[in-house]
2 protein chains.
Amino acid sequence: MGAPLTDQRARNKQATREAITQAALQLAIEFGPNGLALVRVHDIASAAGVSPRTYNNYFSSREEAICGLHADQSKRAGEALRARPADEPLGVALTEAMVELFTDPEPDRAGLRMIMLTPELEGEALKAFTVGETSLAEAIGERTGQDGLCSEVTAAAVVAAIRVAGKTWLTPAANRPFADVIRQALGCVLRG
Amino acid sequence: MGAPLTDQRARNKQATREAITQAALQLAIEFGPNGLALVRVHDIASAAGVSPRTYNNYFSSREEAICGLHADQSKRAGEALRARPADEPLGVALTEAMVELFTDPEPDRAGLRMIMLTPELEGEALKAFTVGETSLAEAIGERTGQDGLCSEVTAAAVVAAIRVAGKTWLTPAANRPFADVIRQALGCVLRG
DNA sequence: GCACTTGATGCGTGACACGCAAGTTCTCTG
DNA sequence: CAGAGAACTTGCGTGTCACGCATCAAGTGC
């Protein structure tokens, strides 16, 4: 983990991980939210070009594999905020950071729909969102110097707002850019 | 479900559910966060006085059973808010409703610690918290008449704040009443 | 090149979710 | 108050899966 990216091993490992998550998500989408139980571990593994045993060296459940990509994205929340200019007000910086993080590229509707609207995936989807809270809270703390609790609460609230925004964006009624929904949702909780 | 509470069956069913969740949580605490895999379904079922088959008519995983009590509590978030006087400002009503809901009785430290700090339980614990969001969002909507999205975001933010408050309350450093932590945490997100 | 670390794979085992089909307990209606 | 009918529990059988252990291959540093 701490090894530099130039390490061939780390590259292979990351490549394997991504191959598995992408294969898992792809298969889940094909089978649909209802037939998720039909997605066999064996199929995911062979689609990713690894053995079933290797698959579960990386993930201990189908759900975890399917949500892996989204989890990796969430983990970048902290660095997304740090990339904003330091003189920007916190609310603006947070909003723009989240917009950039979650709309570059614009998320795949089918994938997000699968992750967020499949009951069996609910737990893992929540985990995938919340893994970003820690790094985001740290980044907020650095920027504002405010209380640790308050940073964490703010980070958690932002992540929760993004999650609600995602759910809203998925409803057929509101077909507008994800960025708009994110801005509106964050506007409901950020007034500082 | 829709049947009146006078229905003997509903009472039995609820009693069975609670027996299973309490047995599951109890055993999980005894085995500790590290030995969670050692808790057998058979043990939970016999501790609750039902067959293993019945156990999984109610829950489809150990994790779900262990977090069941907490999930039931979260579901009462909506009615907790409705119980507050209608002329109270939203922020105060929300805060006091959550304080009442989550400190009556004061939560069991061992149980909450088990649920929130065991990695294998993370997904289910998050689910247990978020199940309350829907009813809370509805209650907020009724009270304020504000936008649906905004109600949901506020509800999600409140629940997230409670979760952070719980984690903070669990740290040995801050041994003060849970109610205090909740008030402080909610103060970070509620300014309306 | 050569010893060493790390990841991939096959096999075997124990546990579990769930469908199915009785058996049992409670409810409702005539 | 009695019998039809619904709801819940339970035992059994099956397919799937997570994971420990041992082995093999690929990559790294001296």
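Labels below follow one simple rule: chain letters A, B, ... track the order of the sequence lines, proteins then strands, and each chain is numbered from 1. Because the structure is predicted, anything quoted here is derived from the model rather than measured.
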* Check DNA chain D against residues 116-127 of chain A and give the residues with a non-hydrogen atom under 4.0 Å, in numerical order. => none
* Would you mind classifying the nucleic acid contact of B:Phe59 as base, sugar-phosphate or nothing, using non-hydrogen atoms under 4.0 angstrom? => nothing
* Considering only side-chain heavy atoms of B:Thr16, which listed nucleotide, C:dC26, C:dA17, D:dT9, is closest? -> D:dT9
* Asked: Does B:Trp169 use its side chain to pair, donor to acceptor, with the backbone of B:Arg176 at less than 3.5 Å?
  -> yes
* Asked: For residues 64-80 of chain B, which residue pairs qualify under side-chain hydrogen bond (donor to acceptor under 3.5 Å, both in side chains), counting only residues two or more places apart or in two chains?
  -> B:Arg17-B:Asp72, B:Ser60-B:Glu64
* Value in whole Å for how far the C1' atom of D:dA26 lies from CZ of A:Arg11 -> 16 Å
* **All side chain to side chain donor-acceptor pair (under 3.5 Å) counterparts of A:Gln26, not counting sequence neighbours** => A:Glu30
* Asked: Would you say A:Tyr58 reaches C:dG7's phosphate, i.e. side-chain N/O to OP1/OP2 under 4.0 Å?
  -> no
* Main-chain N/O of B:Asp43 paired with B:Ser46 side-chain donor or acceptor, under 3.5 Å -> yes
* So what is the end-to-end bend of the helix from C:dG1-D:dC30 to C:dG30-D:dC1, with 5 pairs used at each end and the value given to 10 degrees? -> 40°
* Asked: Looking only at atom types and distance, does a side-chain atom of B:Tyr55 sit under 3.5 Å from a main-chain N or O of B:Arg62, one as donor and one as acceptor?
  -> yes
* **Footprint string (nucleotides 10-17 of chain D, 5' to 3'): B base within contact, S backbone only, - free, heavy atoms under 4.0 Å** => BBB---SS
* Main-chain N/O of A:Lys127 paired to A:Thr130 side chain as donor or acceptor, under 3.5 Å -> yes
* Structure fact -> By salt bridge (Lys or Arg N to Asp or Glu O under 4.0 Å), A:Glu96 pairs with (sequence neighbours left out) A:Arg183
